[in-house]
Amino acid sequence: MKHSQKTALITGATSGIGRATAQNFAANGFRLILCGRRGDRLRELQAELAGTDVHLLEFDVRDADAVQKAIGDLPDGFDRIDILVNNAGNAHGLDPVQSGDLADWDAMIDINVKGLLYVSQAVIPQMVARRSGHIINIGSTAAKEVYPGGNVYCASKHAVDAISQGMRMDLNPYGIKVGCINPGMVETEFSEVRFKGDRDRAAKVYAGFEPLRPEDVADIIYFTVSRPAHVNIADLIVFPTAQASSTIVNRKV
């Protein structure tokens, strides 16, 4: 089923799950609002998706004023957002809490938690007014368990889980769907960012097994938003087959 009349806003669209979701949604006929900090990557993606109606928003989700202005000034044809995919997020470091970097903590809380809230608050009022809409928050298996060195990152994703539950309750009277998708290990730029650009260390995270690909998660996001009106996939965990938990991975090396 094509969704040519639906508009989806995707944060963190310049790489990984966000980019794959944009590609998937474009193939399925959505109109797209793609958000990110890296304008060059946004423009590259827009060119790749030629034939799809795409509007670009270049902002940092940590900047509440920029978020409100960008989403508040959407042009005609893009100003009705049917689907919000809160995908922007990051991890920084694996330090134990006693030696954690305050800048890392701020970045994770500001992007993963506050950024999600800022974007949601800018979008939700129009959904409430129409009494329709669908919000997908991208969490993590770190929302369901804690692992050594994961302290603040896990806390930020636990917050996404709690916010998703609270959103679902608050928006229930308006017929707005809210779901949270929690992937395990997905091979993206995630670990490279976490380890400050150390590609060798990042590569070891995915060594010896087949991790999820961004396209795998994008398929699940599309499946979730394409269910009938009376069906809401509220909470979903997906691992690669080789992964059983945050600390148990069947590596063939």
Side-chain angles (χ1 to χ4, degrees), residues 8 10-28 30 32 34 36 41 45 48-49 83-94 108 111-112 116 134-150 153-154 156-161 164 178-195 197-227 233-253:
I10 303 168
T11 66
T14 57
S15 64
I17 293 169
R19 182 183 178 89
T21 301
Q23 293 165 331
N24 185 308
F25 279 15
N28 283 287
F30 286 90
L32 297 175
L34 304 180
R41 287 202 182 187
L45 182 55
E48 177 189 328
L49 302 179
I83 297 164
L84 167 60
V85 181
N86 278 314
N87 166 72
N90 65 7
H92 291 284
L94 266 177
M108 288 184 281
I111 296 172
N112 298 351
L116 181 150
H134 198 160
I135 300 168
I136 300 293
N137 296 325
I138 304 303
S140 168
T141 52
K144 308 296 184 178
E145 57 180 322
V146 179
Y147 52 83
Y153 175 69
C154 293
S156 74
K157 289 301 186 178
H158 274 65
V160 171
D161 189 27
S164 299
V178 179
C180 193
I181 295 173
N182 301 287
M185 298 172 79
V186 187
E187 189 167 13
T188 64
E189 296 175 357
F190 176 90
S191 289
E192 193 172 326
V193 172
R194 165 168 265 177
F195 298 130
D198 186 337
R199 294 185 176 182
D200 291 338
R201 190 176 178 191
K204 291 177 183 176
V205 173
Y206 308 110
F209 75 104
E210 185 173 0
L212 295 171
R213 298 181 297 276
E215 293 77 14
D216 297 324
V217 183
D219 284 344
I220 292 168
I221 295 169
Y222 174 70
F223 178 82
T224 301
V225 302
S226 61
R227 293 310 84 208
I233 297 174
D235 192 43
L236 186 150
I237 296 174
V238 54
F239 282 121
T241 301
Q243 184 180 8
S245 74
S246 292
T247 56
I248 299 174
V249 181
N250 182 15
R251 299 178 189 269
K252 304 299 185 183
V253 292

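Put simply, the side chain of I237 reaches to within 4.5 Å of the side chain of T141, judged on heavy atoms.
A side-chain contact (heavy atoms from CB on, under 4.5 Å) with I10 holds for exactly one of L84, I221, T21; it is T21.
Put simply, the side chain of Y206 gets close to the backbone of V186: a donor and an acceptor are under 3.5 Å apart. In this structure a side-chain-to-backbone donor-acceptor pair under 3.5 Å is present from Q243 to M185. No side-chain donor-acceptor contact under 3.5 Å links D219 to the backbone of D216. In terms of modelled atom types and a separation under 3.5 Å, the side chain of T11 and the main chain of A88 share a donor-acceptor contact.
Here the closest heavy-atom approach between residue A26 and residue L49 is recorded as CB-CD2, 3.9 Å.
Within a 6.0 Å sphere centred on CD of E145, heavy atoms belonging to other residues, nucleotides or ligands number more than 12. Applying the 6.0 Å contact sphere to OH of Y147 captures more than 12 heavy atoms from other residues, nucleotides or ligands. Atom CZ of R213 sits in a sparse spot, with 12 or fewer heavy atoms from other residues, nucleotides or ligands closer than 6.0 Å.
Q23 and E48 form a side-chain donor-acceptor contact under 3.5 Å, judged by distance and modelled atom types alone.
Of the charged side-chain nitrogens involved, none lies within less than 4.0 Å of a carboxylate oxygen, so that D198 and K204 do not count as a salt-bridged pair.
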